[in-house]
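Letters A, B, ... are given to chains in the order of the sequence lines, protein chains preceding strands, and every chain is numbered from 1. Just the heavy atoms: all of them, side chains too, but no hydrogens, waters or symmetry mates, feed the values below.
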Amino acid sequence: MKYQAPKGVKEYLPPASAQFERVRDALLAPARLANYQLMELAIFEETEVFTRGVGESTDVVSKEMYTFTDRADRSLTLRPEGTAGVMRAVIESGMDRGQLPVKVFYNGPFFRAERPQAGRYRQFYQVGIEAIGSDNPLVDVEVISIATEGFANLGLRGFKLVVNSLGDFKSRNAYRLELSKFLSTLDLDEATRERARINPLRILDDKRPEMISALAKAPNVLDSLNPQSREDFSKVQQGLDALGIAYEIDPRLVRGLDYYTKTTFEFIHPQLGAQSGIGGGGRYDGLMESLGGQPLSGIGFGIGIDRVMLACQAEGIDISEEIPLACFIIPLAREWEFEAFRIGAELRSAGLRIDFAFGDRSLKGAMKAADKSGATFAFVLGERESQSGTVELKELGTGQVQSVRLADLATLLGNAVKRSKGN
RNA sequence: GUGGGCGUAGCUCAGCUGGUAGAGCAUCCGGUUGUGGUCCGGAAUGUCGCGGGUUCGAGCCCCGUCGCUCACCCCA
C-alpha cells in the first residue's frame with residue numbers, strides 16, 4: 001500500500017458515508033425550519049481572520065492551525081472553526097447593514113493540526129449556525145433548541161446540555177480580575193501559570209483532579225454577573241424551561257475560544273471517551289467589530305458530525321440508509337444491454353433507485369450480485385422479454401415471481417417502495 | 001509536543017518455549033438447458049510495516065524507523 005490519506009484525516013466511504021449524510025441532514029433540518037439559510041464558505045481564509053477572530057492566545061490559533069503561503073506570498077489558513085469565516089463573509093457582503101438578525105447555517109470540513117485520537121481528527125466535519133445582530137436572550141434559546149432538535153431527529157438521548165454565562169464585557173472583565181487575584185494565591189506549575197497570565201478564564205476548564213480541588217474555592221462567575229447579564233441569563237434559563245429542554249448549569253464552563261461572552265453551552269456525551277463534547281457554542285459580543293464590521297452581538301453553535309456519529313453508535317442507534325434499491329436489472333447478454341439500460345433510465349426518471357448487472361458474468365453471478373445489492377426486485381432481460389414486452393419480476397425477499405408488462409413496471413415498483421416505507 | 005498499546009492475505013485475526021505462514025469472512029469459478037440466498041467443490045491473494053542486528057535458522061529475540069491507535073494538553 002503506497003498512498004494513504006494524510007494523518008488524522010477522517011474520510012467516510014460506503015456504507016458509512018450514507019450514515020454521514022443522514023446525520024448531517026438530521027442536524028441541519030431544524031435550522032432550515034427556523035429560517036436559517038445556507039452559507040457555503042471559503043475553506044481557507046487570510047490567516048488574520050482567525051488570529052484576530054479566534055484570538056492569538058487560544059490553542060487553536062497558537063498551535064493547531066494549518067497555515068501556508070500562496071504563490072503571491074499571502075498567508076492563508078485552512079479554517080479551524082466556522083464562526084470567524086461567517087463573520088468575515090457577513091461583513092464582506094454587507095449583510096450586517098441589512099435586516100437583523102442574520103440567521104445562517106453552514107457545514108463542511110474543518111482542520112486542526114492536533115494529535116489525532118478517538119473522536120478527534122485533523123480534518124473533521126461540523127454543522128453550525130449563527131444568529132447575528134440581536135441581543136435578545138430568546139435567540140440564545142432558539143440556537144440551543146435547534147441543536148437539541150437535531151439530536152432528537154436522530155433519537156439521541158444520552159447527552160447532556162451544560163450552560164453557563166460569562167457575563168457581558170464589563171462583567172467578564174471584572175470577574176477576570178477577581179479570578180486572577182485568586183489564581184495568584186495558588187501554587188501553579190509553569191505551563192498553567194502561563195495560561196493563567198494569557199487568559200485566566202481558561203484555567204477553570206482544567207480537568208486534572210488536583211486542579212479541580214485547588215479551584216474549589218475559586219470565585220464563581222455567576223456571582224459576579226452584573227444586573228443586565230444576570231437578567232439575560234435568567235431569561236435564557238426560562239426559555240429553555242419553557243421548551244422543556246433539560247440542562248445543567250456549570251459555572252466552570254468557559255470554552256477555549258476567546259470571543260465568548262454571556263451564554264456559553266456545550267453538549268456532552270459521556271459514552272464517548274476522552275473527546276466527549278459533541279457540540280457547543282455561545283454568544284460573542286466583540287467579534288464582529290474586531291473583524292471590522294458593525295458592533296453586533298451574535299450567537300451560534302458548532303456540532304461535530306464525526307462525534308455525533310460515534311454517539312449514535314454508542315447508543316446503538318440505527319442510522320443506516322432507509323431508501324431501498326427498488327430493482328436490479330440483468331441483461332442476459334451483451335446484446336440486451338442497451339434495451340435494459342433504456343428501461344432502467346425510464347424507471348430512474350420515475351424516481352426509482354435502479355442498478356444493473358454490469359460486466360460479463362454468468363446469470364448465477366448476476367443474481368448473486370442482485371441479492372447482495374439489497375434490491376427489492378430483480379428481473380432478467382433477454383430475447384423472450386424483449387419479444388413479449390413482459391418480464392418475470394422476482395421479489396428477492398420471498399422468491400416470488402410475477403409476470404409484469406414493461407409498461408406497468410414503474411407503477412408496480414413505485415407502489416412496492418411506498419408500501420415498504422409505510423412499514 | 002509527551003506517554004502507553006499495536007503493525008501477519010481485501011477485512012477480522014491465529015501462529016505454543018525461534019525451524020522458511022494458516023483460519024473465518026469477503027472475492028471469483030463450478031455443482032449441465034434463462035434466475036440469487038442455504039449447502040457442496042474449487043481458485044486466487046502475503047517481500048509477516050520497513051531497515052539493520054543476534055542465530056545454522058526470525059513472523060516470533062534486540063535496536064532503529066515509519067505507520068496506526070488510545071491517552072495527556074485542548075477542542076467538534
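Nucleic acid contact class of A:Gly374 (heavy atoms, under 4.0 Å, all strands): none. At the heavy-atom level, A:Leu396 lies under 4.0 Å from base atoms of the strands shown.
Closest to the side chain of A:Glu266, from the set B:rA76, B:rC74, B:rG36, is B:rA76. Of the candidate nucleotides B:rC68, B:rC73, B:rA76, B:rC73 has the atom lying nearest to any side-chain atom of A:Asp59.
In this structure A:Phe233 satisfies the ring-ring contact (aromatic ring centres under 6.0 Å, His included) test with no other residue, sequence neighbours excluded. With sequence neighbours excluded, the residues that form a ring-ring contact (aromatic ring centres under 6.0 Å, His included) with A:Phe20 are A:Tyr12, A:Tyr125. By the side chain to side chain donor-acceptor pair (under 3.5 Å) test, A:Tyr259 is found to be paired with A:Glu81, A:Thr83, residues two or more places apart in sequence or in another chain being considered.
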Got a list of protein N/O to nucleotides 2-5 of chain B N/O distances below 3.5 Å?
residue: B:rU2; atom: O4; partner: A:Arg115; partner atom: NH1; Å: 2.8
residue: B:rU2; atom: O4; partner: A:Arg115; partner atom: NH2; Å: 3.4

Name the pairs: protein N/O against N/O of nucleotides 9-13 of chain B, kept only if under 3.5 Å.
none

Could you go over nucleotides 45-50 of chain B and give all protein N or O partners under 3.5 Å, atom names and distances?
none

Identify all pairs in which a protein N or O lies below 3.5 Å from an N or O of nucleotides 29-35 of chain B, and state each distance.
residue: B:rG31; atom: N7; partner: A:Lys364; partner atom: NZ; Å: 3.1
residue: B:rG31; atom: O6; partner: A:Lys364; partner atom: NZ; Å: 2.9
residue: B:rG34; atom: O6; partner: A:Arg384; partner atom: N; Å: 3.1
residue: B:rG34; atom: N1; partner: A:Glu385; partner atom: OE1; Å: 3.0
residue: B:rG34; atom: N1; partner: A:Glu385; partner atom: OE2; Å: 3.3
residue: B:rG34; atom: N2; partner: A:Glu385; partner atom: OE1; Å: 3.2
residue: B:rG34; atom: N2; partner: A:Glu385; partner atom: OE2; Å: 2.3
residue: B:rU35; atom: O2'; partner: A:Lys394; partner atom: NZ; Å: 2.5

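Taking a 4.0 Å limit (strictly below) on heavy-atom distances, residues 118-126 of chain A reaches RNA chain B at A:Ala118, A:Gly119, A:Arg120, A:Tyr121, A:Phe124, A:Gln126.
When the P atom is compared between B:rC16 and B:rG52, the two are found 25 Å apart, to the nearest whole Å. Between B:rU27 and B:rG18, the two P atoms lie 39 Å apart (nearest whole Å). Taking atom P on both B:rG64 and B:rC56, the two are 24 Å apart, rounded to the nearest angstrom. Of the P atoms belonging to B:rU17 and B:rG30, the separation is 45 Å, rounded to the nearest Å. Comparing the C1' positions of B:rA71 and B:rC13 gives a spacing of 25 Å, expressed to the nearest Å. For the C1' atom pair drawn from B:rC74 and B:rU12, the interatomic distance equals 34 Å after rounding to whole Å. A distance of about 39 Å separates the C1' atoms of B:rC72 and B:rA21, rounded to the whole Å. A distance of about 16 Å separates the C1' atoms of B:rG67 and B:rC48, rounded to the whole Å.
A:Arg32 contributes no side-chain N or O that, together with a main-chain N or O of A:Gln37, makes up a donor-acceptor pair within less than 3.5 Å. Checked by atom type and distance alone, the side chain of A:Arg405 never pairs as donor or acceptor with a backbone atom of A:Val391 at under 3.5 Å.
Remark: the A:Gln275 side chain and the A:Tyr121 side chain contain no N/O donor-acceptor pair separated by less than 3.5 Å. With no hydrogens or angles considered, a side-chain donor-acceptor pair links A:Thr263 and A:Asp140 at under 3.5 Å. A donor and an acceptor atom, one from each side chain of A:Glu142 and A:Tyr36, are located under 3.5 Å apart. Judged purely by distance below 3.5 Å, without hydrogens or angles, the side chains of A:Glu339 and A:Ser386 pair a donor atom with an acceptor atom.
When rounded to the nearest whole Å, the span between CG of A:Leu156 and C1' of B:rA76 equals 14 Å. Distance, A:Glu81 CD to B:rC74 C1': 14 Å, rounded to whole Å. Between the NZ atom of A:Lys63 and the C1' atom of B:rC72 there is a distance of 10 Å, rounded to whole Å. We find that CD of A:Gln275 is positioned 10 Å from C1' of B:rC72, with the value rounded to whole Å. Atom P of nucleotide B:rG37 and atom CD of A:Gln400 are separated by 18 Å, given to the nearest angstrom. When rounded to the nearest whole Å, the span between CG of A:Leu204 and P of B:rC74 equals 12 Å. A straight line from NZ of A:Lys372 to C1' of B:rG36 spans 9 Å, rounded to a whole angstrom.
Within the 4.0 Å cut-off from OP1 or OP2 of B:rG67, not a single side-chain nitrogen or oxygen of A:Lys7 is found. OP1 or OP2 of B:rA76 has at least one side-chain nitrogen or oxygen of A:Arg255 nearer than 4.0 Å. Side-chain N/O atoms of A:Gln117 include one lying less than 4.0 angstrom from OP1 or OP2 on B:rC72.
Counting heavy-atom neighbours within 6.0 Å of A:Arg348 CZ, excluding the residue itself, gives a total above 12. Other residues, nucleotides and ligands contribute at most 12 non-hydrogen atoms within 6.0 Å of the CZ atom of A:Phe44.
Projected onto RNA chain B by closest heavy-atom contact, A:Gly277 and A:Gly273 fall at different nucleotides, the more 5' of which corresponds to A:Gly273.
At a threshold of 4.0 Å, the pair A:Lys368-A:Asp371 does not count as salt-bridged, since none of the basic side-chain nitrogens sits closer than that to a carboxylate oxygen. Using a 4.0 Å cut-off between charged side-chain N and carboxylate O, A:Arg157 and A:Glu315 make no salt bridge. Between A:Arg334 and A:Glu337, at least one side-chain nitrogen of the basic residue sits less than 4.0 Å from a carboxylate oxygen of the acidic one, meeting the salt-bridge criterion. Salt-bridge check for A:Glu114 with A:Arg122: failed, with every basic side-chain N at 4.0 Å or more from each acidic carboxylate O. A salt bridge links A:Arg202 with A:Asp59: the distance from a Lys NZ or Arg NE/NH1/NH2 to an Asp or Glu carboxylate oxygen falls below 4.0 Å.
Separation of atoms CZ (A:Arg22) and OG (A:Ser17) is listed at 13.5 Å; rounding is to 0.5 Å.
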Problem - Structure string for RNA chain B in dot-bracket form, Watson-Crick and G-U at under 3.5 Å, | interchain - result: (((((((..((((........)))).(((((.......))))).....(((((.......))))))))))))....

Exercise for the section: Take A:Glu248 and A:Leu161, measure what side chain to side chain contact (heavy atoms under 4.5 Å, CB included) needs, and give me the verdict at the end. Expected result: CA-CA 6 Å; A:Glu248 247 167 61; A:Leu161 166 62; over 6 Å; no

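Sorted by first then second residue, the ring-ring contact (aromatic ring centres under 6.0 Å, His included) pairs that include residues 139-169 of chain A, not counting sequence neighbours, are A:Phe151-A:Phe159, A:Phe151-A:Phe267, A:Phe159-A:Phe267. Sequence neighbours left out, the pairs with a member in residues 41-55 of chain A that pass side-chain hydrogen bond (donor to acceptor under 3.5 Å, both in side chains) are A:Glu45-A:Arg88, A:Thr47-A:Ser75, A:Thr47-A:Thr77. For residues 369-405 of chain A, there are no ring-ring contact (aromatic ring centres under 6.0 Å, His included) pairs, not counting sequence neighbours.
Applying the 3.5 Å distance criterion, the base of B:rG36 shares a donor-acceptor pair with the side chain of A:Asp371.
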